[in-house]
Amino acid sequence: MRAEVTKLRYWKSEHSENLCEDADGEDAARGLFAVADGAGTTLFSALWAALLVKHCLRVPLMSGDPFEVEWWVRQAQEQFKLEQPDLEHMPWNVLQKAQAQGSHSTFASVRISSCDDTQAVAELLAFGDSCIFVSHLAAEQPLSFPLEHEAEFLQSPVCLPSKAGLFNRYFHCCHARSVNLVPGDVVVLATDAVARWIISAGNGHYKSVGDALHVVSGQTADTWEAFVERARANQEMVDDDSTALVITLLPDTTTSGVPLGQTTQHDAEVRVKRKQDFEQALKEQHKERQAIFYGDGSGLDVEDMWIAPAQIQQARAVADALQEVLTVLRQKLHSPEVATIMETVWRKHASLLYDEPCAENLRQTLTRLGVPLAVPLPAVSTDEANQMLDTTTMSLPPAFFEQIARQQETTEREET
């Protein structure tokens, strides 16, 4: 199968080409395509959007698993630190905003996971209101993913943050879907202005979503500017950066386009580095990093390592507990009731975090705030304490059992 790719890009009327906050990219030979839309309310969003697309083409996001997403986003965040402008000599308000908010962007990608002469399978992944449309020859209406209704564009989109501390693996969730493709199908990745125009059928100027999608997919780089200007003038399209990546699938018998490839795993260099990072996390007993570097398991070569499913489940539980406590701490840090609030949150997760290396900095911070860190002990009888001490399957820290043992000794002395 072959693919003909058309890039359509035009900027908001108050912008110039250099200030456009949309980004797009493709590597048809590897079956990779992506668009991103930087949030104009944050600084350096154009750079962040472009970096996400570039990162996807080099190290594609392989699934919507929360920990796989976090591993992938952290790689991009580290690169952003290297590429963002030097903040040292910028005005204090710019510095404060950059440090507090970072940059944000929506993102959508298509990865061809298998392909032959007659069919292909595409993995669709999306965050926020950048959308992917798939027009099948055999279907009446195109697939619209992840948004389907115009009203959904009125909600604030979930954007990927460039600042690691703002990422929440369950809030910044990835929408994922797999679709089958054949020659004649058309796939369009679009940022929100174009996606909304398609879903609204050109604000009602066309009979169906399919008709509107056909109009967009029929544009060329030379006609796109005039089309967008006309749609804005007719109140059909909002005045915003407008980007679409059109992929037309063709049979191998044609000479148009380029051969369509596939990507089933990361490059060897990426996989080797990821395994090294995972092994280091195991050595340091850092469960949060274990969970993140493991991800969904598909990107890690662990054939020569025996990793019990329970071990990964435990690592994920610790990582989730740590994230929840840190999230509340960041929200309530300047509250006069922070110690009381954090004591309640800590008690909820103390059994998981009391002895964990990944929570060391958190424990130090809570101690400075006056939060008692002792693992809360239930009132138990001697027989119940013995039963808990004999248990080998409980995922509690050694300190918990040491306290139970001391309680048992005290009870025995009182009984004698």
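Side-chain atoms are counted along with the backbone in the values below, which use heavy atoms only and exclude waters and symmetry mates.
- With hydrogens and angles disregarded, no donor-acceptor distance shorter than 3.5 Å links the side chain of His214 to the backbone of Gly210.
- Ala231 is linked by a side-chain contact (heavy atoms from CB on, under 4.5 Å) to Trp197, Glu236, Met237, counting only residues two or more places apart in sequence or in another chain.
- Counting only N and O atoms by type, the side chains of Gln276 and Gln280 include no donor and acceptor under 3.5 Å apart.
- Around atom CZ of Arg177, no more than 12 heavy atoms belonging to other residues, nucleotides or ligands sit under 6.0 Å away.
- With no hydrogens or angles considered, a side-chain donor-acceptor pair links Thr223 and Gln219 at under 3.5 Å.
- Asp24 places no side-chain N or O within donor-acceptor distance of the main-chain N or O of Ala244, the cut-off being under 3.5 Å.
- Ion pairing of Glu324 with Lys348 is present here, as a side-chain N (NZ or NE/NH1/NH2) and a carboxylate O approach within less than 4.0 Å.
- Although no hydrogens or angles enter the test, the distance criterion places a donor-acceptor pair under 3.5 Å between the side chain of Arg111 and the main chain of Thr263.
- Using a distance-only test at 3.5 Å, with no hydrogens or angles considered, no donor-acceptor pair links the side chain of Glu26 to the main chain of Thr6.
- The closest side-chain heavy-atom distance from Glu17 to Arg9 is below 4.5 Å.
- Listed by chain and number, the residues in a side-chain contact (heavy atoms from CB on, under 4.5 Å) with Val238 are Ala193, Arg196, Asp240 (sequence neighbours excluded).
- Here Lys287 pairs with Glu356 in a salt bridge; the nearest charged N to carboxylate O distance falls below 4.0 Å.
- The shortest side-chain heavy-atom distance between Cys358 and Val318 falls under the 4.5 Å cut-off.
- For Gln285, the CD atom sits in a loose shell: 12 or fewer heavy atoms of surrounding residues, nucleotides or ligands are nearer than 6.0 Å.
- One finds a salt bridge joining Asp277 and Lys273 here, because a Lys/Arg side-chain nitrogen approaches an Asp/Glu carboxylate oxygen to under 4.0 Å.
- Residues Arg232 and Ser242 are in side-chain contact: their nearest non-hydrogen atoms beyond the backbone lie under 4.5 Å apart.
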Side chains of residues 129-138: which donor-acceptor partners sit under 3.5 Å, not counting sequence neighbours?
from   : atom 1 : to     : atom 2 : distance (Å)
Ser130 : OG     : Thr106 : OG1    : 2.8
His136 : ND1    : Asp185 : OD2    : 3.0

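- Asp37 and Thr191 are not linked by any side-chain donor-acceptor pair at a separation below 3.5 angstrom, with hydrogens and angles left out of the test.
- Electrostatic pairing of Asp241 and Lys12 does not count as a salt bridge here, judged by no charged N lying under 4.0 Å from a carboxylate O.
- Scanning for ring pair (Phe, Tyr, Trp, His ring centres under 6.0 Å) contacts around Phe80 gives Trp48, with sequence neighbours left out.
- A heavy-atom distance below 4.5 Å is not found between the side chains of Val121 and Leu181.
- Of the N and O atoms on the side chains of Tyr170 and Gln323, not one donor lies less than 3.5 Å from an acceptor on the other residue.
- More than 12 heavy-atom neighbours from other residues, nucleotides or ligands sit within 6.0 angstrom of NZ on Lys7.
- Leu369 CG to Met342 CE: the interatomic distance, rounded to the nearest 0.5 Å, is 8.0 Å.
- Residues passing the salt bridge (Lys or Arg N to Asp or Glu O under 4.0 Å) test with Glu83 are Lys54, sequence neighbours excluded.
- Note: Ser200 OG to Glu150 CD = 4.5 Å, rounded to the nearest 0.5 Å.
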Donor-acceptor pairs under 3.5 angstrom involving side-chain atoms of residues 55-73: please list them, not counting sequence neighbours.
from  : atom 1 : to     : atom 2 : distance (Å)
His55 : NE2    : Trp72  : O      : 3.1
His55 : NE2    : Trp72  : NE1    : 3.4
Ser63 : OG     : Asp65  : N      : 3.3
Ser63 : OG     : Asp296 : OD2    : 2.7
Asp65 : OD1    : Arg316 : NH2    : 2.9
Asp65 : OD2    : Phe67  : N      : 3.0
Asp65 : OD2    : Glu68  : N      : 3.0
Asp65 : OD2    : Arg316 : NH2    : 2.9
Glu68 : OE1    : Arg274 : NH2    : 2.8
Glu68 : OE1    : Asp296 : N      : 3.0
Glu68 : OE2    : Arg274 : NH1    : 3.1
Glu70 : OE1    : Arg169 : NE     : 2.6
Glu70 : OE1    : Arg169 : NH2    : 3.1
Glu70 : OE2    : Arg74  : NH2    : 3.2
Trp72 : NE1    : Val59  : O      : 2.5

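- Counting only distance, with no hydrogens or angles, the side chain of Ser45 and the backbone of Ser103 share no donor-acceptor pair below 3.5 Å.
- Using a 4.5 Å heavy-atom threshold, the side chains of Tyr294 and Gln290 count as separate.
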